[in-house]
**Q** 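Have a look at this one before I ask anything.
To find a chain, count down the sequence lines: A is the first, B the second, and so on, and within it residues start at 1. All values below come from the heavy atoms of this structure, side chains included, with hydrogens, waters and symmetry mates left out. Just so it is clear, the model here is predicted, and its values are computed rather than measured.
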Amino acid sequence: MSSEQRETPTADAAGRESSYDVKAVEARWQSVWQDLEPFRADDEAVRTGAKEKRYALTMFPYPSGDLHMGHAEVIALHDVVARYWWQRGYEVLNPMGWDSFGLPAENAAIRNDAHPADYTYGNIATQFDSFRKYAASFDWSRRFNTSDPDYYRWTQWLFNRFHEKGLAYRKNSPVNWCPQDQTVLANEQVLADGTCDRCGAEVTKRELTQWYFRTTDYAQELLDSLDVLQPTWPDKVINAQRNWIGRSEGAHVDFVVQGRDEPITVYTTRPDTIFGTTFMVVAVDSALADELVTDEHREAFEAYRAEIRKASDIDRLATDRPKTGVDLGVTATNPVTGAQIPVWATDYVLADYGTGAVMGVPGGDQRDWEFATVMGLPIVRTTRPPADFDGEAYAGEGETINSPAAGVDSPLDINGMSVDDAKRATIDFLEARGTGRGAVNFRLRDWLLSRQRYWGCPIPIVHCEKDGEVRIPDDQLPLELPELRGSDLKPKGTSPLGAATEWVETTCPTCGGPARRDTDTMDTFVDSSWYFFRYVSPHDDTQAFDTDLANLWGPIDLYVGGSEHAVLHLLYSRFFTKALRDMGLVDWDEPFSAYLAQGKVINNGRKMSKSLGNGVSLGDQLEEFGVDAVRLTLVFASPPEDDIDWADVSPAGSLKFLQRAWRLSGDVTSEPGAAPSTGDQTLRRVTHKTLHEAAQLVEGHRFNVMVARTMELVNATRKVIDSGAGGSDPAVREAVEAVAIMLSLVAPYTAEEMWERLGHQPTVARVGWPEVDESLLVEESVVAVVQVKGKVRARLDVAPDISEADLEAAALADETVQRALDGATVRKVIVRAPKLVNIVV
RNA sequence: GCCGAAGUGGUGGAACAGGCAGACACGCAGGAUUUAGGUUCCUGUGCCCCCGGGCGUGCGGGUUCGACUCCCGCCUUCGGCACCA
């Protein structure tokens with residue numbers, strides 16, 4: 001087998017070793033690093049100001065099995081930055097742990113008649129070994145699992161704080177229900193096509209009393225601070241969050257309804273179109289519709305409502321269905337025209353957005369136009385469309401008309417105004433009259449956090465007949481999960497915890513009377529919404545986290561993870577941070593100062609999957625090419641945010657390069673510390689320029705280009721050894737040491753091996769970035785390009801400080817330039833010394 | 001439909017405060033070393049060509065001495081939102 005040969009050191013014609021034994025090198029350095037612990041973060045170094053901090057974080061994994069290609073990619077990319085920061089002299093906090101509550105463990109336990117912990121902690125042990133073999137620079141002394149009582153005790157403690165502040169509450173409401181997983185889901189966990197983001201089952205609705213976090217309290221701030229994050233977060237994540245929060249500006253307008261004391265308030269973004277309101281529509285499944293309908297119309301209404309309820313969510317999501325509805329038999333008064341308009345119920349109005357009632361303006365809204373057309377309701381335009389407009393409803397800019405229409409008497413007149421002016425005038429009018437007001441609406445809903453499953457954090461609430469919802473006192477936490485296993489965990493639509501009678505039946509902490517525990521567990525996104533706080537004091541058994549240390553280390557300077565969490569985890573964590581700040585537990589507003597969304601690893605143009613049979617095993621790749629080659633391949637393949645198609649890359653090529661770089665270290669014959677200033681100046685220029693550029697490239701997250709520059713330095717050094725001054729030149733040593741240090745960010749084993757062969761002590765990971773000699777960054781001579789009519793005709797070697805006049809003269813004197821000019825009259829010469837001359841004829 | 005991002009050789013990708021398009025690799029072709037090669041090294045490699053050159057960064061215009069880069073209009077792909085009033 002050839003891979004065996006690859007592992008065996010071989011020799012070239014000159015008898016020198018031409019490759020190293022990948023397996024032996026890996027085994028050896030792992031134990032050295034475990035003794036040295038080079039990446040242990042020191043609180044004191046930061047507290048005393050001795051070193052500047054950097055907090056590097058990559059999303060902790062769910063322990064679903066061993067690490068896979070996706071993990072390998074994030075860690076490879078993330079590690080470049082974390083290791084770079086160490087080399088630049090920062091004190092780096094780069095922790096790792098496990099997001100270890102969750103459904104796969106529970107489903108496995110049911111299948112195997114086991115406990116979810118068996119699966120969970122077995123996989124954690126496997127992943128831990130793999131992480132270390134993969135040479136990830138994590139501070140392992142800080143690791144924890146969110147399913148440990150030591151951790152979830154503090155998740156519960158935080159829940160108590162949210163509950164105290166009214167940020168955690170229960171309400172009865174129609175909720176998303178996954179029939180496959182037998183649990184409710186948050187809005188964020190239902191995909192755009194109405195399916196469950198975990199299992200793909202079609203999500204249905206249920207009316208249930210559930211726990212919520214009041215994320216909507218922070219809607220405006222969550223939106224506003226996206227502006228601050230914009231420069232350092234990917235556009236697509238900012239955009240996704242903006243869309244998700246979905247702010248709109250408009251007005252609430254009160255419509256007096258006959259036979260009802262309270263007016264009905266509608267929300268509209270176009271108060272300027274109020275004169276065109278010819279009917280009102282309310283959501284068919286709202287309490288309001290049920291209350292308004294007259295006896296005469298009730299039968300038709302209930303028949304319609306039953307029909308709508310039968311339709312699946314998938315059908316309801318289709319936007320191209322014909323409009324349907326029923327007349328409720330009541331009328332409302334248009335507050336500006338006094339006209340009586342009919343009130344209808346329909347399914348195109350959503351019960352849980354705005355007020356669940358809408359003013360029907362068919363002239364200005366396409367949906368209302370369609371409804372009016374089907375139902376035979378009048379249509380009035382209130383904005384003048386452009387002359388060439390041939391659509392139906394017109395929602396664009398234009399002059400306000402028919403407001404009021406000729407012959408209509410109204411205390412408000414907005415005719416002739418632009419849309420914006422008419423909006424403002426209408427709101428002012430309504431506010432003065434007390435029948436309306438400017439309003440802001442958000443699409444964002446409160447976060448539904450209860451789950452009807454076992455393997456999650458228990459909600460620390462007791463329900464007492466006398467005292468109601470009672471928090472379990474902090475000093476009685478953690479409330480541990482009861483021991484359930486195997487078939488006890490089978491989903492049955494209510495939480496499995498309910499079956500643990502002895503656990504459920506308890507006494508009220510307030511009155512001591514009989515009470516029942518809450519049987520739901522928390523969404524696992526709650527666990528991950530604060531884990532980055534816990535890392536600053538992971539073993540503290542007196543508090544969730546140390547506020548001083550959190551303020552010292554935080555916020556996270558770079559967060560690396562997949563964009564599948566663009567809304568979910570990132571939004572929840574941002575909400576938690578703001579809430580904890582308001583509780584005085586931390587002083588930062590945003591958890592992640594910069595965010596890098598890495599691409600996926602795919603194969604042959606498609607997502608890797610078992611059903612397609614195109615999966616690439618990380619273990620196999622590591623076995624065949626070694627850790628360094630796999631890491632290098634992932635870093636070099638593309639910009640970090642792009643997907644990597646494994647079919648397009650070459651781990652064999654990466655290994656070849658690493659061996660080539662390693663061979664350089666065997667050719668160096670000068671002693672450590674040899675003064676490079678006496679060596680080859682051309683090579684020195686390349687070395688220093690590369691170090692300078694590589695640093696900037698890492699800081700700009702352009703890791704693939706940084707690798708390319710390292711390759712160029714290797715090529716240049718090879719050339720000097722083979723055809724120039726040879727391996728004894730101290731400039732060669734300087735270059736090879738630079739290569740080892742740059743490689744320490746990407747290929748830690750090879751770098752370590754090189755460093756040792758260069759006569760140094762481990763570890764190369766902490767030797768520091770070499771100082772760049774600025775004087776070597778200035779070029780001795782540059783190539784000036786001479787263009788004639790914009791086309792390159794000649795290249796001249798010139799001094800970097802050549803004057804414009806001299807450069808122009810040199811260009812015009814050039815023979816090929818003269819030939820290209822062919823006697824034509826020179827009209828103009830543009831000179832950009834020292835790089836370019838363009839001759840215009 | 002609305003919002004956002006991106007289109008460069010056979011492939012992954014470089015180069016954009018407007019100034020040498022294709023760095024660095026993969027692949028391919030040829031050569032050297034080798035008993036051998038999934039080894040190592042060297043050379044070539046955008047397309048066309050009458051060998052002087054011509055054409056080339058999704059398409060069509062524009063600004064400029066000069067455009068992959070800026071502006072206008074399209075096309076395609078990907079991502080988010082979507083009967084959200």
**Q** Take atom CZ of A:R270 and atom P of B:A85, then tell me their distance rounded to the nearest Å.
**A**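 A:R270 atom CZ is separated from B:A85 atom P by 12 Å.
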**Q** Could you tell me the separation between the CG atom of A:L350 and the P atom of B:A85, rounded to a whole number of Å?
**A**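 So the two atoms are 10 Å apart, to the nearest Å.
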**Q** Starting at CZ of A:R247 and ending at C1' of B:G80, how long is that distance when rounded to a whole Å?
**A**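 Roughly 20 Å, once rounded to whole Å.
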**Q** Taking NZ, NE, NH1 and NH2 as the nitrogens, is one of them in A:D285 or A:R309 under 4.0 Å from a carboxylate oxygen of the other?
**A**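 No, this pair does not count.
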**Q** When rounded to the nearest Å, what value does the distance between P atoms of B:C50 and B:A67 take?
**A**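 It comes out at 29 Å once rounded to the nearest Å.
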**Q** For a quick check of understanding: with a heavy-atom distance under 4.0 Å over all strands, which category does A:Q787 fall into, base, sugar-phosphate or nothing?
**A**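 Base contact - A:Q787 has a heavy atom under 4.0 Å of at least one base atom.
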**Q** So if I take every side-chain heavy atom of A:D235 and compare against B:G4, B:C41, B:A14, which nucleotide ends up nearest?
**A**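 Within the option list, the nearest is B:G4.
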**Q** Whole angstroms only, please: what is the CG-P distance between A:L796 and B:G19?
**A**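 To the nearest whole Å, that distance equals 20 Å.
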**Q** With rounding to whole Å, what would you report as the distance between B:A5 and B:G10 at their P atoms?
**A**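 Here B:A5 and B:G10 have their P atoms 29 Å from each other.
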**Q** Whole-Å distance between B:C78 P and A:K600 NZ?
**A**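 To the nearest whole Å, that distance equals 12 Å.
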**Q** Between B:G19, B:G13, B:A82, which nucleotide has the shortest distance from any of its atoms to the side chain of A:D642?
**A**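 From the listed options, B:G13 comes nearest.
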**Q** Once you apply a heavy-atom cut-off of 4.0 Å, does A:P234 come out as touching a base, just sugar-phosphate, or nothing?
**A**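 Touches nothing.
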**Q** Which residue lies toward the 5' end of RNA chain B, A:K835 or A:V358, if each is placed at its nearest nucleotide?
**A**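 Nearer the 5' end of the strand: A:K835.
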**Q** Could you let me know what B:A25 is paired to, Watson-Crick or G-U wobble, both distances under 3.5 Å, or none if it's on its own?
**A**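 Pair assignment: B:A25 / B:U11.
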**Q** State whether A:D667 and A:R663 are salt-bridged, where the test is any N-O pair (Lys NZ or Arg NE/NH1/NH2 against Asp/Glu carboxylate O) under 4.0 Å.
**A**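 No, no charged N to carboxylate O under 4.0 Å.
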**Q** What distance, rounded to whole Å, do you find between the two P atoms, one in B:C72 and one in B:G4?
**A**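 13 Å, rounded to whole Å.
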**Q** Compare the minimum distances between each of B:C20, B:G53, B:G79 and the side chain of A:R793, then state the nucleotide with the smallest one.
**A**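 My answer, after comparing the listed nucleotides, is B:G53.
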**Q** Nearest to the side chain of A:V349, heavy atoms from C-beta on, is which of B:A85, B:G4, B:G19?
**A**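 My answer, after comparing the listed nucleotides, is B:A85.
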**Q** Please state how far atom CD in A:E564 lies from atom P in B:G80, giving the value in whole angstrom units.
**A**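 So the CD-P distance, A:E564 to B:G80, works out to 11 Å.
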**Q** If the C1' atom of B:A6 is compared with that of B:G12, how far apart are they to the nearest Å?
**A**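 My reading of the C1' atoms in B:A6 and B:G12 gives 16 Å.
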**Q** Starting from P on B:G13, measure out to CG on A:D645 and report it in whole angstrom.
**A**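 Those two atoms, CG and P, are 9 Å apart.
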**Q** Please determine if a side-chain N or O atom of A:S248 lies less than 4.0 Å away from the OP1 or OP2 oxygen of B:A85.
**A**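 For B:A85, OP1/OP2 do have a side-chain N/O of A:S248 under 4.0 Å.
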**Q** Side chain of A:V785 only, please: which of B:G19, B:C20, B:C81 is the nearest?
**A**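 Nearest to the side chain of A:V785 among the choices is B:C20.
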**Q** Ignoring hydrogens and angles, does a donor from either the side chain of A:K236 or the base of B:C78 sit under 3.5 Å from an acceptor on the other?
**A**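 Side chain to base: no pair below 3.5 Å.
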**Q** What's the gap between B:C3 and B:C70 when it is taken at their C1' atoms, as a whole Å value?
**A**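 About 23 Å, rounded to a whole number of Å.
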**Q** If B:G1 has a Watson-Crick or G-U wobble mate with both distances under 3.5 Å, name it; if not, just say none.
**A**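 Pairing partner, where one exists within any strand: B:C81.
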**Q** Checking A:W233 against A:Q241: is there a side-chain donor and acceptor pair closer than 3.5 Å?
**A**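 Checked: A:Q241/A:W233 side chains show no N/O donor-acceptor pair below 3.5 Å.
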**Q** Give the rounded distance in Å between these two atoms: CG of A:D368 and C1' of B:A85.
**A**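 That distance rounds to 7 Å.
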**Q** Using Watson-Crick or G-U wobble geometry with both distances under 3.5 Å, which nucleotide pairs with B:A36?
**A**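 Pair assignment: B:A36 / none.
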**Q** Tell which nucleotide pairs with B:C68, taking only Watson-Crick or G-U wobble pairs whose two distances are both under 3.5 angstrom.
**A**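 Per the H-bond distance test, none.
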**Q** Are A:R606 and A:D645 ion-paired here, with the side-chain N under 4.0 Å from a carboxylate O?
**A**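 Salt bridge: no.
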**Q** Going by modelled atom types, is there a donor-acceptor pair between the base of B:G38 and the side chain of A:E624 at under 3.5 Å?
**A**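 Such a pair exists between side chain and base.
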**Q** My understanding is that a pair needs two contacts under 3.5 Å, Watson-Crick or G-U wobble. By that rule, which nucleotide pairs with B:C74?
**A**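 Pairing partner, where one exists within any strand: B:G58.
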**Q** Hydrogens and angles aside, do A:R242 and A:Q230 bring a side-chain donor and acceptor to less than 3.5 Å of each other?
**A**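 Judged by distance alone, the side chains do pair up.
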**Q** Between B:A85 and A:Y353, is there an OP1 or OP2 to side-chain N/O distance shorter than 4.0 Å?
**A**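 Yes, because at least one side-chain N or O of A:Y353 sits under 4.0 Å from OP1 or OP2 of B:A85.
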**Q** With syn defined as a glycosidic torsion within 90 degrees of 0 and anti otherwise, which applies to B:G52?
**A**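 You should classify B:G52 as anti.
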**Q** For B:G44 versus B:A23, give the span between their P atoms, rounded off to a whole number of Å.
**A**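 About 12 Å, rounded to a whole number of Å.
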**Q** For the residue pair A:W447 and A:Y572, is the inter-centroid distance of their aromatic rings smaller than 6.0 Å?
**A**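 A:W447 vs A:Y572: aromatic centres under 6.0 Å.
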**Q** Rounding to an integer number of angstrom, what distance separates B:U76 and B:U64 when you compare their C1' atoms?
**A**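 Straight-line distance between the two C1' atoms is 29 Å.
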**Q** For A:D254, is there an ion pair with A:R437 - N to carboxylate O distance below 4.0 angstrom?
**A**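 Yes.
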**Q** Would you give a per-nucleotide map of nucleotides 23-29 of chain B, 5' to 3', where B means the base has a protein non-hydrogen atom under 4.0 Å away, S means only the sugar-phosphate does, and - means neither?
**A** BBSS---
**Q** Would A:T750 and A:D628 count as a side-chain hydrogen bond (donor to acceptor under 3.5 Å, both in side chains) if you check the C-alpha gap in whole Å, the side-chain angles of each, and the deciding distance to 0.1 Å?
**A** CA-CA 7 Å; A:T750 307; A:D628 282 359; 2.6 Å; yes
**Q** A:N239 has a side chain; which of B:A14, B:G79, B:G12 sits nearest to it?
**A**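 Taking heavy atoms from C-beta onward, the closest nucleotide is B:G79.
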**Q** Is the base of B:C81 touched by the side chain of A:N243 through a donor-acceptor pair closer than 3.5 angstrom?
**A**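 There is none.
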**Q** Using the rule given for side-chain contact (heavy atoms from CB on, under 4.5 Å), can you reason through A:V817 versus A:I839, listing the C-alpha separation, both sets of side-chain angles and the distance that settles it, and then say yes or no?
**A** CA-CA 9 Å; A:V817 172; A:I839 301 167; 3.6 Å; yes
**Q** Would A:K23 and A:E623 pass as an ion pair if we require N to O under 4.0 Å?
**A**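 Here A:K23 pairs with A:E623 in a salt bridge, since their nearest N and O are under 4.0 Å apart.
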**Q** For the C1' atoms, the ones on B:C48 and on B:G37, what distance do you get once it is rounded to whole angstrom?
**A**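 Their C1' atoms lie roughly 38 Å apart.
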**Q** Return the nucleotide paired to B:G53: Watson-Crick means purine N1 to pyrimidine N3 with N6-O4 or O6-N4, wobble means G-U with N1-O2 and O6-N3, both under 3.5 Å.
**A**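 Here B:G53 is engaged in a pair, and the nucleotide opposite it is B:C48.
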